[in-house]
Amino acid sequence: MATLTRVPLVFSSSKVPAPSSKSLGNCHKCNCVASSLPLTRKVTDCSTLSFHSFSSSSSSFSSLTTRDNKGFRRTAVVLASMADLSTVLVTGAGGRTGQIVYKKLKERSDQYVARGLVRTPESKEKIGGDDDVLVGDIRDASSLIPAIQGIDALIILTSAVPIMKPGFDPTKGGRPEFYFEDGAYPEQVDWIGQKNQIDAAKEAGVKQIVLVGSMGGTNPNNPLNSLGNGNILVWKRKAEQYLADSGVPYTIIRAGGLQDRDGGIRELLVGKDDELLQTETRTIARPDVAEVCIQALKFEEAKFKALDLASKPEGVGTPTKDFKALFSQITTRF
């Protein structure tokens, strides 16, 4: 859980311009603003007040007493429950699945403090440009430290991305050819980059790591390994094994074919050792992968486990709601 801190308040009269709400989270009715992290719950009615506080092991209570310009006295009580929130870093937050995980965490601000890591300033702007999104290079271990310090959990969604060579004409038959940009091969991204993240998280005392990989890694001849001669599943598998051996509580999610469809409307399936690839249910919607990542943070049944993930077609079976039961189906550690 996040470390409990006492958040000081700075008060000003209505004649003084309030700082930017984006950076300081000012009240919408007056000019009182947090001079540190924004409060997690807004005060419904407040003005320029004196400040008293006391804290317990689970939350911090702040009593605010004031006189307005007419001499009237009002009191408001602020409950800052930072100790009840988990700070979660999503790496690869600019990717198609990473964006969904990051946004889901932001929507659940009563449970999580979301933080994102992206590779470029452009990616940061693409997902809103908030201050909780940091820019860093997972291949450079030192650049990870600011993002990982102070977090409770890490969700890894970084991956090398093969690029199709120009000139492919599907009307002429054949298969497209792919390549990886210099410095962005799977060995550098999916192995070294993920290893750097695991090491930094372990050093920082992170309580759980969720790593999203791909099904197919049990077969070294899987066609995905031939893309750009990158052996992408080989390097992903190596990083997964490194995580399993790290001693940090983990959940490894090996997703099936990712689809850009709505989530929450299908029955999810879990398996092991690529058994699901031998069936007709080998795909999964990105929002469903994102949801499983977040749900894995909530249940002990998800820790120290590796699972393959797919779903039944829409309209077949019952949409999954009981994630504790879903994780309980799996006993494999790798």
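Between Glu240 and Arg254, at least one side-chain N (NZ, or NE/NH1/NH2) sits under 4.0 Å from a carboxylate O, which counts as a salt bridge. A salt bridge links Lys207 and Asp152; the closest N-O separation between the charged side-chain nitrogens and carboxylate oxygens is under 4.0 Å. Lys272 has no carboxylate O lying under 4.0 Å from a charged side-chain N of Asp308, or vice versa, which leaves the two without a salt bridge. Using a cutoff of 4.0 Å between basic side-chain nitrogens and carboxylate oxygens, Lys303 and Glu300 are scored as salt-bridged.
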Worksheet item: How far apart are the C-alpha atoms of Ser159 and Lys236, what are their side-chain angles, what is the distance that settles it, and do they pass the side-chain hydrogen bond (donor to acceptor under 3.5 Å, both in side chains) test?
Response: CA-CA 9 Å; Ser159 178; Lys236 284 182 180 291; 3.0 Å; yes
Discussion item. Before you tell me yes or no, could you show the steps for Thr97 and Arg286 under side-chain hydrogen bond (donor to acceptor under 3.5 Å, both in side chains), namely the whole-Å CA-CA distance, both residues' side-chain angles and the distance that decides it to 0.1 Å?
Written reply: CA-CA 6 Å; Thr97 307; Arg286 292 182 188 274; 2.8 Å; yes
Item to complete: Take Lys106 and Asp130 through the salt bridge (charged side-chain N to carboxylate O under 4.0 Å, His left out) test and state the conclusion after the steps.
Response: CA-CA 11 Å; Lys106 295 277 280 187; Asp130 290 346; 3.2 Å; yes
Discussion item. If you apply the rule side-chain contact (heavy atoms from CB on, under 4.5 Å), what do you find for Val90 with Leu105, and how did you get there?
Written reply: CA-CA 9 Å; Val90 181; Leu105 289 170; 3.5 Å; yes
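Ser86 and Gln111 share no donor-acceptor pair across their side chains, judged by distance under 3.5 Å alone. For the residue pair Thr218 and Asp274, a side-chain donor N or O sits within less than 3.5 Å of a side-chain acceptor on the partner. Residues Glu267 and Ser311 bring no donor and acceptor atom of their side chains to less than 3.5 Å of each other.
In this structure, Asn196 CG and Asp137 CG are separated by 9.0 Å, a value rounded to the nearest 0.5 Å.
Within the 6.0 Å centre-distance limit, the rings of Phe304 and Tyr250 are counted as a close aromatic pair. Here the two rings, on Trp191 and Tyr242, have centers that are under 6.0 Å apart.
Under the 4.5 Å side-chain heavy-atom criterion for ILVMFWY residues, a single connected hydrophobic cluster contains both Leu297 and Phe299. Under the 4.5 Å side-chain heavy-atom criterion for grouping Ile, Leu, Val, Met, Phe, Trp and Tyr, Val248 is connected to Leu89 within one hydrophobic cluster.
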